[in-house]
Amino acid sequence: MDGAQEEVPEGVWDAISSRLDEAEGVAAGPVGIGTGAAGSAAGAAVQKGRTVRIWLRNAGVGMAAAAAVAVAVVFGFRQGGSSDPVSGGQAVAQVQEDSVEVIQVVEAEDDALIAVVPQEEAPAAEKVLARATTSTAVGTMTEARTEVGTETEAGTESRTETQVGTETETTTDTESEAGTETPVGTETETMTEIGTTVVAGNETRTEVMTTTDTETEVAGEISDWDDVFAEDEEAVSRRRGHRVSLTISGNALGGNDSRDADMVPGGPMYSQGQGFTNYIWEEHTIAYGIPISAGVGVKINFTDRFAMGIGIKYSLLTRTLEGIYYNNEGKAFEVQDIRNSQHYLGIPVNFYYSIIQGKHVDFYAYAGGTVERCLADKYLINSDSGTFNHDGSITGVQFSANAGIGVEFLATKWLGIYIDPSIGYYFDSPQPNSIRKTQPLMFGFEAGLRFRL
Amino acid sequence: MTVTPEQELVEKCQKGDKVAQKEVYDLLAPRMFPVCIRYVGDRAVAQDLLQDGFVTLFTHIDSFKGDGSFEGWARKIFVNTALMYLRKKDALKMTEDLETVRHLSWDGASQTENIGYQELMKLIMALPAGFRTIFNMYVIEGYSHREISQILGISEVTSRTQLSRARAWLQDKINEMTQNA
């Protein structure tokens, strides 16, 4: 009976061949035991679908966390702002609001000449129909043309017109009305030149030139959306002086999901006449621990925007599985509690591009990869017959690639706290079985400190 | 050192040679299929296990070091694949559902020589899963009771008891067949 043969049904080899091709094309795929060829394919499809759902869920959580952190940073600095359709120049800080005094114009009888006469005091009967407001930013000159119309009770309608050829130059009058409060430190300088020339009996030509310089120094906090994102020359200059940073980091990866994943066994070691020896036949992974990493490195700034980081990273992967343990003598032990821990050491290399460099915060994008090797593959086997220790064999190295966005909060001029969410992919490797084989696409969350040297 | 045809075939498979893989399949499948049938008692399920076993075999063929028979190494894979399936189906629990329990000695050679292989296979497949597994592992594969107890997570006493019950049941069935023949 040991040497008995049975005719194998048609189509078995085709199914085997396609599964082998699929296994070669996909980084990792557990070999599940189904109740039929369709069941096995459906099981693999379900496993892939589950992997995708797990990745999407973890990626969504990570992105939401990063977005929440970014929003908190931005809104934490914001103290409100104002928008003004009549303003110009680059807004760095909100300073003040000024009102333009109503300018009453008297239309001359001869419409060839138009006069603009600023009134120091508007007649009590006048009703202001419009008022233009101007927000003046720090260090800028605001230039705007404002046209207003007034209607007096007497029915006179006045308007301002500038005829081609006149040498009337009008700039926005930014005199503050009485009672207007200006922030501390505001200096407003207004120069008004008025010249009046009587040309003829009933013609009056008046030239008015008003210029205003307003400068306000706002000491303290940035209080506008633009403030956070605007380039800070001082900050950039400060960073130019620190080309190298020392980085200390910690990392946790998404993918901690207990599942009934059937691991592909690592393959038996057959020794003559004794079957398997010094080997664990993995039947079923019960749960994976969260992969965690810690490392140190340096970040070198090549330019104000581009930088490279390199370092050393230690990673710990754990899992609980059940299977059959064969000791050195080939004796088999059925075990439901096998604890596996894998210790990796790797060299991560990343390239950074600084998108926004603010005074207190940096936003950047980065991409890179890691090469690492498992240094120890330890198994603790808790069987009914006793507890055993087993070391797995290790060959080759593990390559991975990653990309993400990061934010660094500059606590002081030499210390920064950073958060780097990322997405990583672990390429197929001969390293021991782990979550990286069943879920090669993983979401990561790294945080750490950067010390500018 | 000359390389045997078997070693050469295995080396080609380790390099991913599809033609060599097909040759290995053609060589082993007719021998491994009955192994699967004996353990699970169902040809359709055995066909699936045959697929799973070969995928495992080719995926991890690099771990075959050439210290012993390749067929023996492959057989271990298929036996373990079948045991994993039975364990998942919770089919390895020992049952008491044999019609008769008699303590008779088993002389496999003399008592099976009067029936053909196919008839014997049918009888084995008709055994309850737990009895069938122990019968296969002890009588066919050559495991000891101690090894069976460790692999299946049962006591040695249970292994021996279940085996004797399986033997008694088979013996009754064989006697019926020979009397009716």
Side-chain angles (χ1 to χ4, degrees), chain A residues 1-9 11-13 15-17 19-24 29 31-40 260 262 264-277 279 281 283-284 322-326 330-336 383-385 393 395 430, chain B residues 16 18 21-22 25-26 29-35 37-38 43-52 54-56 58-70 72-73 76-77 80-81 83-85 87-88 112 117 120-121 124 139-143 146-147 149-154:
Chain A
M1 173 156 278
D2 195 26
Q5 299 198 17
E6 284 274 346
E7 187 177 345
V8 181
V12 174
W13 170 249
I16 293 169
S17 183
R19 285 173 65 178
L20 288 174
D21 292 339
E22 192 178 306
E24 288 173 7
V31 178
I33 296 178
T35 55
S40 299
D260 292 338
D262 289 328
V264 178
M269 286 177 59
Y270 182 83
S271 95
Q272 190 170 9
Q274 292 184 10
F276 301 141
T277 58
Y279 172 71
W281 178 278
E283 294 182 1
H284 173 72
E322 58 183 12
I324 303 172
Y325 168 62
Y326 298 85
K331 185 178 295 184
F333 301 87
E334 175 74 11
V335 186
Q336 280 78 43
S383 75
D384 294 337
S385 305
S393 61
T395 57
Chain B
K18 296 293 184 187
Q21 288 178 347
K22 183 61 165 57
Y25 169 81
D26 291 336
R31 302 175 189 178
M32 297 301 136
F33 193 36
V35 174
I37 294 174
R38 278 193 285 106
R43 294 182 73 89
V45 176
Q47 184 174 327
D48 292 333
L49 295 184
L50 191 69
Q51 280 185 34
D52 295 338
F54 272 108
V55 172
T56 304
F58 288 123
T59 305
H60 294 85
I61 198 167
D62 287 340
S63 61
F64 176 66
K65 306 301 179 187
D67 294 337
S69 161
F70 179 69
W73 179 84
K76 292 287 185 184
I77 291 177
N80 275 336
T81 303
L83 289 176
M84 284 165 61
Y85 168 80
R87 190 171 294 106
K88 284 183 73 174
T112 56
Y117 161 75
L120 186 58
M121 278 289 287
I124 295 173
V139 176
I140 309 296
E141 311 298 342
Y143 286 97
R146 174 169 291 188
E147 289 174 331
S149 66
Q150 291 167 349
I151 290 174
L152 300 185
I154 58 176

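All heavy atoms count here, side chains included; hydrogens, waters and symmetry mates do not. We name chains A, B, ... by the order of the sequence lines, and we start the count at 1 in each one.
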Student: On a heavy-atom basis, which atom in B/Gln47 and which in A/Pro9 lie closest, and how many Å separate them?
Tutor: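 Result for this residue pair: OE1-CG, 3.3 Å.
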Student: Rounded to the nearest 0.5 Å, what's the gap from CZ on B/Phe54 to OG on A/Ser17? Could you check?
Tutor: 13.0 Å
Student: Which pair of heavy atoms, one from B/Lys18 and one from A/Asp21, lies closest together, and at what distance?
Tutor: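 The pair with the smallest heavy-atom distance is NZ-OD1, 2.9 Å.
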Student: What are the two closest heavy atoms between A/Glu7 and B/Arg43, and how far apart are they?
Tutor: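 In terms of heavy atoms, the two residues are closest at O-NH2, 3.9 Å.
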Student: Step by step, would you call A/Val8 with B/Tyr25 a side chain to side chain contact (heavy atoms under 4.5 Å, CB included)?
Tutor: CA-CA 10 Å; A/Val8 181; B/Tyr25 169 81; 3.3 Å; yes
Student: Identify which of B/Arg146, B/Met32, B/Glu147, B/Gln21 forms the greatest number of heavy-atom pairs closer than 4.5 Å to chain A.
Tutor: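 Answer, by heavy-atom pair count under 4.5 Å with chain A: B/Gln21.
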Student: Look up atom OH in A/Tyr326 and atom NZ in B/Lys76, then write down how far apart they are to the nearest 0.5 Å.
Tutor: 6.5 Å
Student: Non-hydrogen atoms of chain A under 4.5 Å away: do they reach the side chain of B/Ile61, the backbone, both or neither?
Tutor: neither
